[in-house]
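I have placed the structure first, in the form of structure tokens, so that the comments after it can refer back to it.
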Amino acid sequence: MKKLIIFFVVVTLLMGCGGEKDQQARQSLDGLSWEEVRAQARGQTVNMMMWQGDPSINAYMNQYVVPSLKEQFGITLNISGGQGSAIVNTLMNEMQAGKAESELDLMWINGETFFQLSEIIALYGPFVDQLPNAQYINFDNPFIHTDFQQKV
């Protein structure tokens with residue numbers, strides 16, 4: 001789980017929300033080893049938006065993930081509150097304004113929001129096959145490949 005979270009954080013450091021920046025991010029990840037990806041992430045700051053309605057999840061993110069990223073990988077994680085519509089609206093507004101970089105580097109989203117962001121081409125990917133633990137993911141499992149009746 002820790003490597004999965006770290007990969008998502010690292011990948012978002014190297015991506016924008018679509019367009020030319022997304023293509024550059026894809027090229028910058030091509031052929032890199034996991035160690036090289038981690039090295040590029042060191043010293044970076046990641047801005048993450050997520051629903052903050054569960055005290056247990058909030059505590060996990062703030063008391064474990066944030067300090068672990070800083071201590072182990074030199075990554076500063078800033079978490080702000082927001083969910084589905086706020087994330088979609090933020091990215092749509094940024095794309096319409098022609099911003100080269102988003103204020104959001106990482107989003108914790110559900111399948112419905114994933115589908116909406118996919119429709120406006122505001123996501124980086126696919127990249128899951130580059131995860132160090134991808135070999136352990138059963139992509140045929142409906143609990144893995146489907147969320148809110150949307151293929152992820």
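Linking Ile, Leu, Val, Met, Phe, Trp and Tyr whenever their side-chain heavy atoms come within less than 4.5 Å puts Met92 and Met107 in one cluster. There is no path of hydrophobic side-chain contacts, each under 4.5 Å, that joins Phe115 to Ile120. The cluster map of Ile, Leu, Val, Met, Phe, Trp and Tyr, joined by side-chain heavy atoms under 4.5 Å apart, puts Trp51 and Leu123 in different clusters.
Asn110 places a side-chain N or O within 3.5 Å of a backbone atom of Thr113 that can act as its donor or acceptor partner. Between the side chain of Gln44 and the main chain of Ala41, no donor-acceptor pair closer than 3.5 Å is present. In this structure a side-chain-to-backbone donor-acceptor pair under 3.5 Å is present from Asp105 to Asn47.
What you find for His145 and Pro142 is that their closest heavy atoms are NE2-CA, 3.5 Å. The minimum heavy-atom distance linking Glu103 with Glu94 is given by the pair N-OE2, 3.0 Å.
When Val66, Asn58, Val46 are each tested for a side-chain contact (heavy atoms from CB on, under 4.5 Å) with Ile79, only one passes: Val66.
The distance from the CE atom of Met49 to the OG1 atom of Thr90 is 4.5 Å, given to the nearest 0.5 Å. Taking CE from Met50 and CG from Leu104, the interatomic distance works out to 13.5 Å, rounded to the nearest 0.5 Å. Note that CE of Met61 is 10.5 Å distant from OG of Ser68, once rounded to the nearest 0.5 Å. If you take CD on Gln40 and CD on Glu35, they are separated by 12.5 Å, rounding to the nearest 0.5 Å. Distance check: Leu91 CG to Ile121 CD1 gives 13.0 Å after rounding to the nearest 0.5 Å. Atom CD of Glu101 is separated from atom NZ of Lys99 by 9.0 Å, given to the nearest 0.5 angstrom.
Considering only heavy atoms from C-beta on, Gln83 stays 4.5 Å or farther from Gln52 through its side chain. Counting only heavy atoms from C-beta outward, the side chains of Trp108 and Ile57 approach each other to under 4.5 Å. Between Arg42 and Ile75, the closest side-chain pair of non-hydrogen atoms is not below 4.5 Å.
In the displayed structure, Phe139 atom CZ is contacted under 6.0 Å by more than 12 heavy atoms of other residues, nucleotides or ligands.
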